[in-house]
2 protein chains.
Amino acid sequence: MKVLIIEDDPLHRSYLHEAVRAALPECDTVLEAENGHAGEVQARQSRAEHVVMDLQMSERNGIEAARTIWRERPDTKILFWSNYSDEAYVRGVARIVPEGATYGYVLKSTSDERLKLALRGVFIESQCVIDREVRGIQQKSLGTAHGLSDAEYEILVDVALGLTDKAIAQRKKLSLRSVQNRLQQLYEKLDVYEGPGNGPEGWYNLRMRAVAVALLRKVLNASALERGERELRSARGN
Amino acid sequence: MKVLIIEDDPLHRSYLHEAVRAALPECDTVLEAENGHAGEVQARQSRAEHVVMDLQMSERNGIEAARTIWRERPDTKILFWSNYSDEAYVRGVARIVPEGATYGYVLKSTSDERLKLALRGVFIESQCVIDREVRGIQQKSLGTAHGLSDAEYEILVDVALGLTDKAIAQRKKLSLRSVQNRLQQLYEKLDVYEGPGNGPEGWYNLRMRAVAVALLRKVLNASALERGERELRSARGN
DNA sequence: TCTTGTCTTGCGGGAACCCGCAAATTTTCC
DNA sequence: GGAAAATTTGCGGGTTCCCGCAAGACAAGA
């Protein structure tokens with residue numbers, strides 16, 4: 001059994017190495033890669049079926065890497081080990097998990113014990129192991145209370161990238177008014193219409209404020225923006 | 001001699017502890033705190049004059065913590081040890097360094113050797129030790145080429161928080177038109193006016209696009225936004 | 001003092017945004 | 001199949017944004 005570790009921080013990498021050794025005596029080879037790009041290459045060459053990786057790496061982040069790994073071998077088992085449970089990450093992961101794949105998502109702040117259980121759970125028992133806290137975010141992002149639908153989320157990204165309503169309409173093949181409708185839904189869900197007695201009415205630029213709130217609540221983050229920007233650029237010839 | 005370590009990742013914390021022990025034999029006490037808030041308290045109680053800390057911690061980030069520490073004892077020597085050299089962080093640090101204080105800024109990716117040199121340089125020799133790469137960002141942010149002036153940067157934050165032109169004018173005690181002028185300067189400096197043959201003219205909402213570009217270039221980041229939001233809320237009664 | 005340069009302010013207009021209203025369309029569910 | 005619910009679309013108008021133009025305000029320097 002082979003395990004591939006993709007993690008850019010050397011300290012964390014060696015800690016993971018240790019943990020894998022300890023939790024998985026049946027593992028005979030541990031490989032390491034120090035960024036998403038190297039990770040993809042390693043995965044391809046070594047045919048490793050077990051990967052544990054960080055999200056948020058420079059060069060190429062975990063979500064990108066995981067997507068290409070899964071595209072090449074959808075039965076790869078991946079354990080995500082991240083510092084954050086930003087909704088943007090959780091949503092990003094959920095978006096790329098192939099049908100029926102087994103994966104896990106644990107935070108770096110969890111105990112040794114829990115990490116080892118997750119390693120065994122995902123790699124040996126083929127369970128999906130999602131940290132409690134991450135699970136919480138998943139729920140919230142689905143529960144229509146605060147949660148944005150996928151449609152709304154995509155609009156949010158387009159807006160955040162700075163596209164005009166017209167441009168979005170064109171991109172999404174919708175009428176202008178429909179885009180604006182979606183925007184209004186966003187404004188409500190993100191609760192952009194001023195707090196209580198916060199000064200005069202027209203204090204906020206709703207469009208901008210919605211993005212600001214999304215960023216503050218971690219519904220969006222820099223990495224989601226980068227992904228969006230890349231897609232945008234590749235959508236045309238650029 | 002006492003050294004206080006403020007860092008939320010336990011792995012990095014113990015690594016730092018080790019490094020301090022090795023680099024500073026004259027240090028007899030090493031204290032640890034696991035977030036900005038605890039760090040402030042520790043600094044106050046222990047009267048430590050030497051602090052090494054991470055930026056970007058949950059709970060309360062390094063810049064906030066450093067500011068209150070410096071406010072209470074401006075002669076404290078602080079070494080920032082961070083994963084990133086985002087312009088937003090560099091600018092944030094520069095903004096709070098008191099007159100004549102000695103500090104350092106090194107990246108977590110630097111070698112053991114360099115870290116130890118920085119520790120000795122800042123704590124013993126009272127030098128300012130700034131990593132090469134961080135220095136580069138500093139230069140760029142000053143060189144008027146791409147660099148935003150402080151005035152422009154502040155406007156950028158206000159816009160990113162979602163304030164309207166009118167609101168900003170009021171906040172900054174300027175006329176509406178002046179605010180819009182500053183905005184236009186921003187638009188030029190951030191190079192928001194479409195790339196080459198990128199589709200029709202009105203593709204971007206300039207206001208939003210400027211913020212997106214700033215985020216992508218790390219001129220702004222989530223932590224800067226949070227700081228801005230907090231200031232905004234405290235500016236009124238809220 | 002007069003010039004030169006930078007910054008601020010006012011005015012005006014075209015474009016984009018925000019949104020209520022209502023009809024047309026699609027989806028959902030019994 | 002048909003009714004109810006949700007989405008999409010067009011229209012119209014009030015507001016904000018974006019910005020060219022030009023007249024003051026202020027500072028530095030010949």
Side-chain angles (χ1 to χ4, degrees), chain A residues 142-145 147-195 198-214, chain B residues 142-145 147-195 198-214:
Chain A
L142 291 181
T144 40
L148 306 186
S149 72
D150 279 6
E152 286 157 353
Y153 183 76
E154 288 191 9
I155 291 271
L156 175 61
V157 174
D158 281 355
V159 169
L161 288 175
L163 297 176
T164 59
D165 292 3
K166 206 188 329 176
I168 299 177
Q170 203 166 317
R171 220 163 122 63
K172 288 274 162 18
K173 305 240 163 67
L174 287 174
S175 77
L176 206 135
R177 189 58 175 92
S178 295
V179 173
Q180 295 177 327
N181 275 337
R182 293 253 240 279
L183 274 180
Q184 277 181 263
Q185 296 175 160
L186 261 185
Y187 297 155
E188 283 198 24
K189 292 217 183 162
L190 291 177
D191 202 23
V192 154
Y193 299 95
E194 329 272 332
N198 265 346
E201 266 307 304
W203 204 259
Y204 286 130
N205 172 325
L206 298 184
R207 164 179 286 255
M208 197 54 252
R209 182 62 184 168
V211 172
V213 170
Chain B
L142 290 181
T144 41
L148 305 187
S149 72
D150 278 6
E152 287 158 353
Y153 182 76
E154 287 191 9
I155 290 270
L156 175 61
V157 174
D158 281 355
V159 168
L161 288 175
L163 296 176
T164 60
D165 292 2
K166 207 189 327 176
I168 299 176
Q170 202 166 317
R171 220 163 122 64
K172 288 274 162 19
K173 304 241 164 63
L174 286 175
S175 77
L176 203 117
R177 189 58 175 93
S178 294
V179 172
Q180 295 177 327
N181 274 338
R182 293 253 237 284
L183 273 179
Q184 276 181 263
Q185 296 176 157
L186 260 186
Y187 297 155
E188 283 197 26
K189 292 217 181 161
L190 292 177
D191 202 23
V192 153
Y193 299 94
E194 330 272 329
N198 265 346
E201 265 307 303
W203 204 260
Y204 285 130
N205 173 324
L206 298 184
R207 165 178 285 254
M208 197 53 254
R209 182 63 183 168
V211 172
V213 170

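We use all heavy atoms of the structure for the numbers below, so side chains are in, but hydrogens, waters and symmetry mates are not. Reminder, nothing fancy here: chain letters follow the sequence lines and each chain counts from 1. Quantities reported herein were computed from a predicted structural model and do not represent experimental measurements.
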Rounded distance (Å) that lies between atom P of D:dT9 and atom NZ of A:Lys172:
14 Å
Drop me the distance from A:Gln170's CD to A:Leu176's CG, to the nearest 0.5 angstrom.
10.5 Å
To the nearest 0.5 Å, how far apart are OG1 in B:Thr164 and CZ in B:Arg171?
11.5 Å
Please round to the nearest 0.5 Å and tell me the distance separating atom CG of A:Leu183 and atom CZ of A:Arg177.
10.0 Å
Given the options B:Gln184, B:Met208, B:Arg209, B:Val192 meets side-chain contact (heavy atoms from CB on, under 4.5 Å) only with B:Arg209
Mind checking the CG-CG spacing from B:Leu156 to B:Leu161? Nearest 0.5 Å is all I need.
9.5 Å
For the pair made of CZ in A:Arg182 and C1' in D:dT9, what is the distance, rounded to whole Å?
13 Å
Can you check each nucleotide of nucleotides 10-20 of chain D against protein heavy atoms at under 4.0 Å and return B for base, S for sugar-phosphate only, - for none, in 5' to 3' order?
BB----SSBBB
Can you tell me how far apart CG (B:Leu148) and CZ (B:Arg182) are? Round to the nearest 0.5 Å.
12.0 Å
How would you list, by chain and number, every residue that makes a side-chain contact (heavy atoms from CB on, under 4.5 Å) with A:Lys172, sequence neighbours excluded?
A:Glu154, A:Asp158, A:Ile168, A:Leu174
Mind calculating the distance between CG (B:Leu174) and C1' (C:dG10) to the nearest angstrom?
14 Å
What verdict does the side chain to side chain contact (heavy atoms under 4.5 Å, CB included) test give for B:Leu163 and A:Tyr204, after you've listed the backbone C-alpha separation in whole Å, the side-chain angles of each residue and the deciding distance to 0.1 Å?
CA-CA 5 Å; B:Leu163 296 176; A:Tyr204 286 130; 3.7 Å; yes
Rounded distance (Å) that lies between atom P of D:dT9 and atom CD of A:Gln185
13 Å
Let me check the geometry of the helix from C:dT1-D:dA30 to C:dC30-D:dG1. What is the bend angle between the axes at its two ends, five pairs each, to 10°?
30°
